[in-house]
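Report on the following structure.
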Amino acid sequence: MKILSAAQTRALDHATLQAQGINSVELMERAATACTTWLLDHLQPAFSTEIHVFCGPGNNGGDGLAVARQLHAAGYTPQVWLLPAEKYSPDYLHNRQLLPEAIRCQELSARRLLPLPADAVVLDALFGTGLTRVLAGLPAEVVQHLNKTKATVVAVDIPSGLLADAPQPAGTAVVRARYTLSFELPKLAFLLPRNAEFVGDWKILPIGLDQAFIHNEPVDNYFVDAAALAGRLPKRGRFSHKGTFGHALLVAGSYGKLGAALLAAQACLRAGVGLLTVRTPGVGYAVLQTAVPEAMALPDPASYFITELPELQQYAAVGMGPGLGQEESTAEVLRLLLRQAGPHRPLVLDADALNLLASHRELLHKLPANTLLTPHPKEFERLMSEPARDDYHRLQQLRAFCHAHRCYCVLKGAYTALGTPDGPIYFNSTGNPGMATGGSGDVLTGLLLALRADQRLSALDAALLGVYAHGRAGDLAAQESGEAGLIASDLIRFIGPALRELEG
């Protein structure tokens, strides 16, 4: 799915009105109906439950008024709170006139901010994506009042006070919603760590916006779900053989960190690589042969860390980093790998390989085109040699880094962001907090290495499929063990089922 800016979203609404021959009031009614239906289907409040609808003076408030009217028609008795203003939008005024007299409306003031019951449902329809500055005065007081309640707060389109396209200044008033009901497409603000406390559990409600406009509108950000990946993972032919799916080399492990190499190797095999050779220090030879018999072991002459790079000619792709350590001789192996890999042998770099890049910055300029890096935020900060000012600045850094080095960069997190050489960033839709556990990144490295070894896949498709399948494997594992009980090796067991879903 494309992620539109606030300005593009307004243009989409206008295009929908023109293409479908409807007016803005009719489109607002669609949005309200979608919200009302979700409320009745998911919250299922009893008729005795208090429902409070807080409405601002713009179209977001108009949505709220329409929802209040629809809830009343469904048998509920919502209480409507109106934020006073010098000017109101025409659609707000239209829906204000349509409210039945039986619905009680009160104008908000600092003196009328009454406590809300903990079992109440509160609909936040104060301000939408048109907001361009932080809240102050009475609107800020109302938001702070809502944030003190234990009631279930549901935001319409976007939590009031949250800026849709800009960093949120610290300490500003923003509604902390339990649910956010947005329309047709996700918003970039929903995917950024700083905003999680405001957005809560967000839902996308289709309201029939113009698909031709969405298809043709250029964007820099995408949200990747299973539908977006349909057809990208080739099915295996009946006469395929192990050479069809590539021979991968994994350079990983050091004394005390062999587990990372084992996890990456097992994940690579489960992701369908044809052949796998693992380069470990000498101490890892017996462990690898025992724990991963499907892989070929290639021990380094040194016992505790890696000092030599094997010949690369036979390998379709090379992964390096899990449990590697940061010895100077290992840095020389990385230097040699970057020199010898060439443009046709894909690289996947993770963990200590990234730390070595950060401490030997001259190596960054030697990255072959289309190299795939998989940093977590701290590793990425080391690569950039400066902390990000905010979430938006981090995305700017990611875009600039990938462009400068012609690489793909998987910035791991709740909505893992894949940066690309050409500029677009792809946010992943799968995964859960249970995956925040040691070894999860090593599993991702192995999975990506297998897909990069498959010459049928482009660099972009391999990265998108790998990140999605990794998160999906985590979701399947969490269904079995729960998030708290999830460990990295659980992910490996579900890589096959996750990839099978994508094949379908």
For Leu418 and Asn428, run side-chain contact (heavy atoms from CB on, under 4.5 Å): C-alpha distance rounded to whole Å, both residues' side-chain angles, the deciding distance at 0.1 Å, then the answer. CA-CA 8 Å; Leu418 171 65; Asn428 184 51; over 6 Å; no
Do the side chains of Leu357 and Leu338 get nearer than 4.5 Å, heavy atoms only? yes
Quick check: do Leu181 and Val156 have side-chain heavy atoms less than 4.5 Å from each other? no
Say you draw a straight line from NZ of Lys366 to CG of Leu337; how long is it, rounded to the nearest 0.5 Å? 13.0 Å
Flag, side chain of Gln455 to backbone of Ala453, donor-acceptor distance under 3.5 Å: yes
Give, for atom CD1 of Ile158 and atom CG of Leu126, the distance between the pair rounded to the nearest 0.5 Å. 13.0 Å
Locate the shortest heavy-atom distance separating Thr16 from Asp210; write the atom from each residue and the value. OG1-N, 2.9 Å
Could Glu217 and Lys2 be called an ion pair, given the rule that one side-chain N must be under 4.0 Å from one carboxylate O? no
Test item: Asp124 side-chain N/O and Ser160 main-chain N/O as donor-acceptor pair under 3.5 Å: yes
Does any non-hydrogen side-chain atom of Asn195 lie less than 4.5 Å from one of Pro159? no
So Leu373 and Cys407, side-chain contact (heavy atoms from CB on, under 4.5 Å) or not? Walk me through it. CA-CA 8 Å; Leu373 290 75; Cys407 67; 4.1 Å; yes
Main-chain N/O of Ala477 paired to Ser481 side chain as donor or acceptor, under 3.5 Å: yes
Are the side chains of Tyr92 and Leu82 in touch, meaning some heavy atoms are under 4.5 Å apart? yes
What residues, two or more places apart in sequence or in another chain, satisfy ring pair (Phe, Tyr, Trp, His ring centres under 6.0 Å) together with Tyr179? Trp38
Verdict with reasoning, Thr371 to Leu349, per side-chain contact (heavy atoms from CB on, under 4.5 Å): CA-CA 8 Å; Thr371 295; Leu349 303 181; 4.0 Å; yes
Which residue pairs satisfy the ring-ring contact (aromatic ring centres under 6.0 Å, His included) criterion with at least one member in residues 434-484, sequence neighbours excluded? none
Can you tell me if Asp350 and Thr374 form a side-chain donor-acceptor pair at under 3.5 Å? yes
Any side-chain heavy atom of Leu398 sitting closer than 4.5 Å to one from Cys409? yes
Euclidean distance, Leu162 CG relative to Leu131 CG, rounded to 0.5 Å: 9.0 Å
Say you draw a straight line from CD1 of Ile495 to CG of Leu444; how long is it, rounded to the nearest 0.5 Å? 9.0 Å
Write down the atom of Ala462, the atom of Leu451, and the distance for their closest heavy-atom approach. O-CD1, 3.5 Å
Does any N or O in the side chain of Thr149 come within less than 3.5 Å of the main-chain N or O of Leu146, such that one atom is a donor and the other an acceptor? no
Once the angle between the rings of His52 and Phe54 is folded into 0 to 90°, is it parallel (under 30°), tilted (30 to 60°) or perpendicular (over 60°)? tilted
For Tyr426 and Val467, what are the C-alpha separation, side-chain angles and deciding distance, and is it a side-chain contact (heavy atoms from CB on, under 4.5 Å)? CA-CA 10 Å; Tyr426 297 83; Val467 171; over 6 Å; no
Test item: Cys55 and Trp81 side chains (from C-beta on) under 4.5 Å apart, heavy atoms: no
More than 12 foreign heavy atoms under 6.0 Å from CZ of Arg270: is that the case here? no
Could you work out, with side-chain contact (heavy atoms from CB on, under 4.5 Å) as the rule, every residue matching Ala7, not counting sequence neighbours? Ser5, Arg10
Verify side-chain hydrogen bond (donor to acceptor under 3.5 Å, both in side chains) between Ser89 and Asn59, making sure each step is shown before the conclusion. CA-CA 6 Å; Ser89 76; Asn59 284 349; 2.8 Å; yes
When you measure from the side chain of Asn95 to the backbone N and O of Asp91, does any donor-acceptor pair fall under 3.5 Å? yes
Would you confirm whether Asn432, through its side chain, and Gly474, through its main-chain N or O, come within 3.5 Å as a donor-acceptor pair? yes
Between Glu381 and Ala388 (side chain of the first, backbone of the second, donor and acceptor by atom type, cut-off under 3.5 Å), is there such a pair? no
Okay, side chain of Glu501, backbone of Ala498: is any donor-acceptor separation there less than 3.5 Å? no
Does any donor atom in the side chain of Asn221 or Arg399 lie under 3.5 Å from an acceptor atom in the other side chain? yes
Test: ring-ring contact (aromatic ring centres under 6.0 Å, His included). Region: residues 343-370. Which pairs qualify, not counting sequence neighbours? His365-His405
Asn355 and Leu324, any side-chain heavy atoms less than 4.5 Å apart: no
Atom pair CG (Asp391) and CG (Leu188), whose distance is rounded to the nearest 0.5 Å: 9.0 Å
Exceeds 12 heavy-atom contacts within 6.0 angstrom, atom CZ of Arg232: yes
Between Glu379 (side chain) and His376 (backbone), is there a donor-acceptor pair under 3.5 Å? yes
List for me each residue that meets ring pair (Phe, Tyr, Trp, His ring centres under 6.0 Å) alongside Phe427, sequence neighbours excluded, and say none if there are none. none
Just to verify, what does Pro497 make a side-chain contact (heavy atoms from CB on, under 4.5 Å) with, not counting sequence neighbours? Leu476, Phe494, Arg500
Apply side-chain hydrogen bond (donor to acceptor under 3.5 Å, both in side chains) to residues Glu29 and Gln70 and explain how you reach the verdict. CA-CA 10 Å; Glu29 193 71 11; Gln70 293 174 3; 3.0 Å; yes
Counting heavy atoms not belonging to His393, are there more than 12 under 6.0 Å from its NE2? yes
A cation-pi test, strictly: NZ or CZ of Arg236 under 6.0 Å from the centre of the six-membered ring of Phe245 and no more than 45 degrees from its axis. Yes or no? yes
Give the minimum heavy-atom separation between Ala316 and Pro346, together with the two atoms involved. O-CD, 3.0 Å
Does a salt bridge link Asp461 with Arg452, judged by any charged N lying under 4.0 Å from a carboxylate O? no
Straight-line distance of Gln144 CD to Thr172 OG1, nearest 0.5 Å: 10.0 Å
Between Lys187 and Ser182, do the side chains contain an N or O donor and an N or O acceptor separated by less than 3.5 Å? yes
Over all heavy atoms of both residues, which pair between Ala164 and Tyr392 is shortest? Give the atoms and the distance, please. O-OH, 3.4 Å
Under a 4.0 Å threshold between the charged nitrogen and the carboxylate oxygen, would Glu197 count as salt-bridged to Arg176? yes
Apply side-chain hydrogen bond (donor to acceptor under 3.5 Å, both in side chains) to Asp475 and Thr430, showing your working. CA-CA 7 Å; Asp475 292 338; Thr430 57; 5.0 Å; no
Where do Gly208 and Gln20 come nearest, in terms of heavy atoms and distance? O-NE2, 2.8 Å
Just by distance, do the side chain of Gln8 and the backbone of Pro218 share a donor-acceptor pair under 3.5 Å? yes
Is there side-chain contact between Ile425 and Leu411, with heavy atoms separated by less than 4.5 Å? no
Minimum heavy-atom distance Leu486-Ala478, with the two atoms named: CD1-N, 3.8 Å
